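Everything below concerns the one structure shown next.
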Amino acid sequence: MKFFLDTANLKQIQEVQNLGILDGVTTNPSLIAKEGIKGDVNIKQRYIDICNLVGGDVSAEVIATDFEEIIKEGEELAKLHHQIIVKVPMIKEGIKAINYFSKNGIKTNCTLIFSAGQALLAAKAGATYVSPFIGRLDDIGESGIDLITQICNIFKLHSFDTQVLAASIRSKEHIIQCAEAGADVVTTPLAPILELLKHDLTDKGLTKFLEDHAKNNS
Ligand code: E4P
């Protein structure tokens with residue numbers, strides 16, 4: 001399972017890149033706004049900076065919701081860097097655009113997926129990735145992980161090339177459940193990745209080992 005970081009924060013991207021476990025990055029307009037990046041030129045520059053930090057795919061989201069505009073915006077984004085994946089919302093015009101991009105060699109990430117039917121349509125249209133949102137489904141009392149499992153099963157059964165990119169991750173448990181469900185990629189904020197490092201017995205065990213080493217050498 002690939003690990004993507006769900007942020008536009010360069011410091012956090014560098015932190016995970018330094019661990020040697022980073023496969024890519026996803027962004028969205030809210031994450032760009034969170035970094036205080038304003039204006040088309042600055043936003044595009046941030047996408048390029050992110051691409052230059054990581055070796056893998058970097059999702060950059062279109063703002064347009066009309067077919068022609070999505071195509072124009074997506075083609076501009078794709079030209080920025082070969083690692084850019086054009087992120088397109090799960091709407092009728094978006095599906096048309098994903099189909100166009102797929103036929104024209106532009107990779108896409110269909111975002112805001114909340115049902116297996118939506119994932120199926122995006123895969124049929126030729127999306128490179130589909131992004132089902134786990135946390136937001138959990139928020140309304142549904143199971144985000146059940147949806148990941150369902151989509152993974154459907155894609156496997158029908159041999160779709162589209163990758164399941166589990167998004168809206170809130171905890172380390174989500175990451176582990178995604179791995180169990182067979183997600184191809186998990187995109188997560190920094191905190192859940194750092195949580196994966198921790199276990200009380202690791203801390204206690206290390207303290208004891210270091211104490212015993214100090215005794216042996218005193
Ligand atoms: C990433 O592609 C999604 O936009 C993101 O994971 C959404 O996360 P959120 O539900 O925490 O905003």
Side-chain angles (χ1 to χ4, degrees), residues 1-10 12-13 16 22-37 43 46-47 50-51 53-54 56-65 70 73-74 77-78 80-81 83-91 94-95 97-98 101 106-115 118-119 122-123 125 127-148 151-152 155 162-179 181 183-196:
M1 185 173 73
K2 289 183 199 153
F3 271 44
F4 286 5
L5 203 60
D6 198 22
T7 185
N9 184 291
L10 298 178
Q12 292 187 4
I13 294 168
V16 182
L22 190 59
D23 298 301
V25 168
T26 51
T27 64
N28 64 36
S30 307
L31 293 170
I32 292 284
K34 198 172 160 192
E35 296 305 312
I37 310 160
I43 294 171
R46 179 55 61 102
Y47 293 145
I50 295 172
C51 287
L53 265 186
V54 298
D57 289 349
V58 174
S59 288
E61 190 160 338
V62 298
I63 306 302
T65 53
I70 295 175
E73 209 183 323
L77 288 171
L80 290 178
H81 198 284
Q83 287 166 234
I84 291 284
I85 304 294
V86 178
K87 205 170 175 191
V88 180
M90 182 16 143
I91 53 176
I95 289 298
I98 286 168
F101 287 136
I106 292 177
K107 292 182 181 173
T108 54
N109 172 359
C110 186
T111 189
L112 292 164
I113 298 270
F114 292 95
S115 74
Q118 291 178 323
T128 313
Y129 297 101
V130 288
S131 286
F133 280 33
I134 299 179
R136 293 193 198 185
L137 275 172
D138 291 356
D139 289 345
I140 61 161
E142 293 185 23
S143 167
I145 293 297
D146 283 356
L147 178 62
I148 299 294
I151 296 171
C152 287
F155 283 9
T162 304
Q163 296 182 55
V164 179
L165 194 170
S168 189
I169 296 289
R170 302 278 159 80
S171 63
K172 70 174 179 189
E173 286 75 19
H174 272 162
I175 298 178
I176 294 158
Q177 288 165 343
C178 284
D184 299 284
V185 189
V186 72
T187 189
T188 168
L190 178 62
I193 291 187
L194 298 181
E195 281 172 35
L196 287 177

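We count ligands from 1, going down the list as the structure has it; atoms in each ligand are counted the same way. All of these numbers come straight from a predicted model, not from anything done at the bench.
- Of the protein's heavy atoms, F133 CE2, 3.6 Å lies nearest to atom 7 (C) of ligand 1.
- When the options K34, E61, K87, R170 are ranked by their closest heavy atom to atom 11 (O) of ligand 1, first place goes to R170.
- Summarising the geometry of Q118 relative to M90, their closest heavy-atom pair is O-CE, 3.1 Å, with the distance given to 0.1 Å.
- Protein heavy atom in closest approach to atom 8 (O) of ligand 1: S168 CA, 3.5 Å.
- Polar contact check, D6 against ligand 1: a nitrogen or oxygen pair lies under 3.5 Å apart.
- Under 3.5 Å, the side chains of N9 and E35 contain a donor-acceptor pair of N or O atoms.
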Review point. Is there a side-chain contact (heavy atoms from CB on, under 4.5 Å) between T26 and L165 once you walk through the steps?
Key: CA-CA 10 Å; T26 51; L165 194 170; 4.2 Å; yes
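- Between L77 and V86 the shortest heavy-atom distance is CB-CG2, 4.5 Å.
- Counting protein heavy atoms only, atom 4 (O) of ligand 1 is closest to N28 ND2, 2.7 Å.
- Residue F4 is tested with V25, T188, D57 for a side-chain contact (heavy atoms from CB on, under 4.5 Å); the sole match is D57.
- Close contacts of ligand 1 with R136, meaning ligand atoms under 4.0 Å from a residue heavy atom, involve 7 (C), 9 (P), 10 (O), 12 (O).
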